[in-house]
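Read the numbers this way: they start at 1 and go in the same order the structure lists the ligands and their atoms.
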Amino acid sequence: MPGPDMLSHWLLDPGVTFLNHGCFGATPRRVLEAQTAWRERLESRPVELLDRGCRDLLVEPKRAVGAFIGALPDDFGFVTNATGGINAVLRSLRLEPGDEIVTTDHVYNAVQQTLRYLARMSGARTIRVAVPLPVPGPEHVTDTIAAALTDRTRLVLVDHIGSATGVVFPVKQIVDLCSSRGIDVLVDGAHGPGMLELDLAGLGAAYYTGNLHKWVCAPKGAAFLWVRPDRQSGIHPNTISHFLDEGLAEEFQWQGTRDITAWLCAPDAIDFMGQFGWDEVRRHNHELAVWAQGMLSDRWQVAASTPADGSMLGSMATLPLPGGLRERFADVAALQQHIYDHDHIEVPIIDWTDRWWVRVSCQVYNERAQYERLGEAVMEHATG
Ligand SMILES: Cc1ncc(COP(=O)(O)O)c(C=O)c1O
């Protein structure tokens, strides 16, 4: 399946070694063509399709996405991105001064800012526990979170896959732990759909938000928020519109006039990647990430961030950079730009817990030689 001609399905510049699928995803040509066709159709009869027809148009996308994530269509709504899904949950909660939200230091910065805003508005505190790398195993994460729970904990907000770190969190164990204490869990699954097989109904979290524009390769602006049935009446979209209090699915299907074509194309993206076999796509990407973690940690003589068996990796791996770079580059942005300009490699360099890291993404259009080139380029820049 994967091979050099895979890239031709995307508009990605073949002159750039693209190791950053995780940032915004990348949409295949065929899915973009479907989006253009949808746009033309909607523009031909805007009122009929968007006003009278909107609910009907979303039936098939809801069905297809629901089947893909293990959810009933009425239990989730489309949103524009995971940030919006997180905001809808956090800003719907009625928190009081002294309430606690437990999260980890892997939390995505935009989410951290939303938590700050929430603290300002409600007086609730965020308890941010450290999960340092290398992480020895999934039980270490669960134990760390368990130790932070108190009688004031109202919510645990945990990444499915850490943004900076690529670590796959043991969300099922965390949900089970919190359920036994009567605490709700919000899973930030920005990277979950397409990277990991999902069964949201079976997971049993109170809330799960995920992007379709990252690893499902849908157009940008395709994401969802799933809410467990017993929590649905309390959750509202960030934009309150005509259907307030008419149920989660109704409220989210209309959030004001907007371009809904990214949502309409979600089934095209699921089908496009599905032609290669979703299990095969996930297996390829995961094996490449496990291999890249091992190869780069050997090449740079640094510790791998997660167990070598890949049990805490999906399709991304984050490694500490070797010494010598901080002396030569002003900051991570300067190093990232240099690698792009000099080596034509697009890869994020991240300052996390006061150390510099690189995160590699693995998608079907990537191959081993690209990570080997990164390994050499970094060594070259580290030694001058
Ligand atoms: C863990 C995590 N949460 C949230 C986001 C935000 O995603 P979006 O920009 O699509 O809202 C990201 C983006 O990379 C992420 O990695």
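Residues passing the salt bridge (charged side-chain N to carboxylate O under 4.0 Å, His left out) test with Glu60, sequence neighbours excluded: Arg63.
Glu100 pairs in a side chain to side chain donor-acceptor pair (under 3.5 Å) with only one of the listed residues (Arg152, Arg154, Arg125), which is Arg125.
The aromatic rings of Trp352 and His106 sit perpendicular to each other, their planes meeting at more than 60°, with 30° as the lower class boundary.
Between Leu177 and Gln173 there is no side-chain heavy-atom pair separated by less than 4.5 Å.
For ligand 1, the protein residues within 4.0 angstrom (heavy atoms only) are Asn81, Ala82, Thr83, Tyr108, Asp159, Ile161, Ser163, Asp188, Ala190, His191, Asn211, His213, Lys214.
Figure legend: cation-pi geometry between Arg355 and Trp357, with NZ or CZ positioned under 6.0 Å from the six-membered ring centre and within 45° of its axis. Within the cation-pi definition used here (under 6.0 Å to the ring centroid, within 45° of the axis), Arg258 does not qualify as a partner of Phe78.
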